[in-house]
Amino acid sequence: MAPGAIKDLVGQVVGTSQWIAVTQERINQFAEATGDFQFIHIDEEKAKLTPFGGTIAHGFLTLSLIPLLTMESDCPRPEGVKMGVNYGGNKTRFLAPVRSGKRVRGVFKLLELDEKRPGQWQQTMEITVEIEGEEKPALICEWITQFFV
């Protein structure tokens, strides 16, 4: 889809991803990668004694799933993209823990799409990461990506 045509969708939900499993193995791998070994994430026995009743994903693990959720979504893709890079985020809020074994998905609302210079587009999406079977989402953020066509 041409970037200009995608710009016409500003203000609309433009895609939803497939559900992605947040397994204990994935949580443990994230702990290894980041050095964050807080017991609430990796010690299943100790975590059972907390109000969560078991281990939960790191908030930053949930945030780090955004690229995967985006790729697993039906969001419109700008045609002719040579490269896309994460530019940053705004208003990130972790609203509910993701318990080990739950599945999450992304819901994407296009907030802005502007051509910053010829061939360079900046897109801002409001991304809500939902937890299957729960009312409260895991997180909501505005995520900014730049595309080069």
Please answer whether the main-chain N or O of [Y] pairs with a side-chain N or O of [X] as donor and acceptor at a distance below 3.5 Å.
{"X": "Asp36", "Y": "Gln38", "value": "yes"}
{"X": "Glu25", "Y": "Gln29", "value": "no"}
{"X": "Glu112", "Y": "Met125", "value": "no"}

- Query: Does atom CD of Gln18 have more than 12 heavy-atom neighbours, drawn from other residues, nucleotides or ligands, at distances under 6.0 Å?
  - Reply: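 Counting neighbours around CD of Gln18, 12 or fewer heavy atoms of other residues, nucleotides or ligands fall under 6.0 Å, so no.
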- Take atom CZ of Phe39 as the centre, draw a 6.0 Å sphere, and report whether it contains more than 12 heavy atoms from other residues, nucleotides or ligands.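 Yes, because the 6.0 Å sphere around CZ of Phe39 holds more than 12 heavy atoms from other groups.
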- Check whether any side-chain heavy atom of Gln24 lies under 4.5 Å from a side-chain heavy atom of Asn28, and answer yes or no.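 Yes, side chains in contact.
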Show every donor-acceptor pair shorter than 3.5 Å between a side-chain atom in residues 139-149 and any protein atom, with sequence neighbours excluded, or say none if there are none.
unit_1	atom_1	unit_2	atom_2	d
Trp143	NE1	Asn86	OD1	3.1
Gln146	OE1	Gln120	NE2	2.9
Gln146	NE2	Gln122	OE1	2.7

- Query: Should Arg77 and Cys75 be marked as a side-chain contact (heavy atoms from CB on, under 4.5 Å) after you check the CA-CA gap, both sets of side-chain angles, and the distance that decides it?
  - Reply: CA-CA 6 Å; Arg77 310 263 192 266; Cys75 290; 3.7 Å; yes
- Message: Filter on salt bridge (Lys or Arg N to Asp or Glu O under 4.0 Å), then keep only pairs touching residues 47-64, sequence neighbours left out; what's left?
- Response: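 Listed once each, the pairs are Glu45-Lys48.
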- Query: Should Arg105 and Ile131 be marked as a side-chain contact (heavy atoms from CB on, under 4.5 Å) after you check the CA-CA gap, both sets of side-chain angles, and the distance that decides it?
  - Reply: CA-CA 7 Å; Arg105 72 175 178 185; Ile131 307 167; over 6 Å; no
- Message: Evaluate Val104 against Val98 for side-chain contact (heavy atoms from CB on, under 4.5 Å), listing each step before the verdict.
- Response: CA-CA 8 Å; Val104 298; Val98 178; 3.9 Å; yes
May I have the list of side-chain donor-acceptor pairs in residues 6-17 shorter than 3.5 Å, sequence neighbours left out?
unit_1	atom_1	unit_2	atom_2	d
Lys7	NZ	Leu113	O	2.9
Lys7	NZ	Asp114	OD1	3.0
Ser17	OG	Gly106	N	2.8

- Message: Hydrophobic clusters here meaning ILVMFWY residues chained together by side-chain heavy-atom distances under 4.5 Å, can you tell me if Leu95 and Ile56 are in one?
- Response: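 No, it is not one cluster - the side chains of Leu95 and Ile56 are not joined through contacts under 4.5 Å.
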- Message: Name the residue from Leu69, Ile20, Leu63 that meets the side chain to side chain contact (heavy atoms under 4.5 Å, CB included) definition with Val129.
- Response: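 Only one of Leu69, Ile20, Leu63 forms a side chain to side chain contact (heavy atoms under 4.5 Å, CB included) with Val129, namely Leu69.
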- Any ion pair linking Glu134 and Lys102 (charged N to carboxylate O, less than 4.0 Å)?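 Yes.
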- Message: My understanding is that only residues two or more places apart in sequence, or in another chain, count here; which of them pass side-chain contact (heavy atoms from CB on, under 4.5 Å) with Glu135?
- Response: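 Result, side-chain contact (heavy atoms from CB on, under 4.5 Å) vs Glu135: none returned.
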- Query: By the rule that ILVMFWY residues connect when side-chain heavy atoms come within less than 4.5 angstrom, directly or transitively, which residues belong alongside Leu49?
  - Reply: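 Leu49 clusters with nothing; isolated.
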- For Phe37, what are the other residues in its hydrophobic cluster, where any two members join if their side-chain heavy atoms are less than 4.5 angstrom apart?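 So far as hydrophobic clustering goes, Phe37 is joined with Ile42.
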